Amino acid sequence: MTNHFLQTVKGQLIVSCQALPGEPLHSSFIMARMALAAKQAGAVAIRANSVVDIQAIQDETHLPIIGLNKVDYPDSKVYITPTIKEMRAVAATGAEVVACQVTGETRPNKESLADSIKQIRAEFPETLLMADTATLADVTTATNLGFDLIGTTMHGYTEATQNMNLTDNDFAYLKAVLKATKVPVIAEGKIDTPEKMLACLKLGCHAVVVGGAITRPLQITQKFIAALNN
Ligand SMILES: CC(=O)N[C@H](C=O)[C@@H](O)[C@H](O)[C@H](O)COP(=O)(O)O
């Protein structure tokens, strides 16, 4: 396979279709239909969690995929594709990109991310690797480790960045990320309007991933209900 992912998604929208166990839409069938809706609307790629969801979405849409596998280990806060085992399983689906968390914490079994990357590169030379980062320090780490794409995925979602949003202060954090690396940046995390998506692209992001604002009806409805109760 020749990997055309970067060209395909340039300046475009990627939709994240994810529902964890416990969420109302947890089902590979439903995620595949969500992905089909995103495709029919013009999304050029899908971000998906777990081997079964990735396979269902591939079958339904034939769109390129950013694949990940969320797993909680007792000895680590890293949960997005945290070990070589999950990286390998996701890469083996044929997903064009494997995303994994790069947030500075110790990985499960004290695994070395550098070693895992080396191994995955050897086993899956065509697969691109995306770093899901939270801070500028993570962006530098990911750049130095040779990731092909850097996502702002975890900004606002870790203890250290709680309540932060990459759109705060006229996108100050995102601007700093774009300055800190030459690796293509994917804006991801709490992008909930078309206007914010366009602003991220105008600033120089390679593409934008939108998740909950499109594919999590519980979250969307909660926003409306919160407005009623305020
Ligand atoms: C922090 C974390 O675990 N993020 C996950 C990463 O894959 C997904 O749950 C998010 O939905 C995705 O990143 C898109 O972001 P948002 O839903 O904010 O548009």
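All figures in this text were calculated on a predicted structure; none of them were measured in a lab. In each ligand, atom 1 is the first atom listed, and ligand 1 is the first ligand listed.
Close approach of ligand 1 to G212 is summarised as follows: ligand atoms under 4.0 Å from at least one heavy atom of the residue are 16 (P), 17 (O), 19 (O). Shown in contact with K190 at under 4.0 Å from a heavy atom are these atoms of ligand 1, numbered in order with element: 16 (P), 18 (O), 19 (O). Every atom of ligand 1 with a heavy atom of T153 under 4.0 Å away is listed here by number and element: 6 (C), 13 (O). Each of the atoms 6 (C), 7 (O), 8 (C), 9 (O) of ligand 1 lies under 4.0 Å from some heavy atom of Q18.
Taking 4.0 Å as the cut-off between side-chain N and carboxylate O, E159 and K77 count as a salt-bridged pair. Salt bridge status for R107 with D75: absent, with no side-chain N to carboxylate O gap under 4.0 Å. One finds a salt bridge joining E188 and R47 here, because a Lys/Arg side-chain nitrogen approaches an Asp/Glu carboxylate oxygen to under 4.0 Å.
Closest to atom 11 (O) of ligand 1 among all protein heavy atoms lies R216 NH1, 2.8 Å. The nearest heavy-atom contact from the protein to atom 12 (C) of ligand 1 is E188 OE2, 3.2 Å. Of the protein's non-hydrogen atoms, K70 NZ, 2.8 Å is the one closest to atom 9 (O) of ligand 1. Remark: minimum distance from atom 6 (C) of ligand 1 to any protein heavy atom is reached at R47 NH2, 3.3 Å.
Both tests pass for K190 against the ring of Y157: distance under 6.0 Å to the centre and angle within 45° of the axis.
Under the 3.5 Å distance criterion, the side-chain polar atoms of H155 are matched with a main-chain donor or acceptor of A134. The main-chain N or O of T135 is found under 3.5 Å from a side-chain atom of D138 such that the two form a donor-acceptor pair. Listed for the E96 side chain is a donor-acceptor partner under 3.5 Å among the backbone atoms of I65. The main-chain N or O of M31 is never found under 3.5 Å from a side-chain atom of E60 such that the two would form a donor-acceptor pair.
If you check each of G189, G211, A213 against atom 19 (O) of ligand 1, the one with the closest non-hydrogen atom is G211.
Ligand 1 has an N or O atom lying under 3.5 Å from an N or O atom of Y79, backbone or side chain.
Heavy atoms of Q219 come nearer than 4.0 angstrom to ligand 1 in no pair at all.
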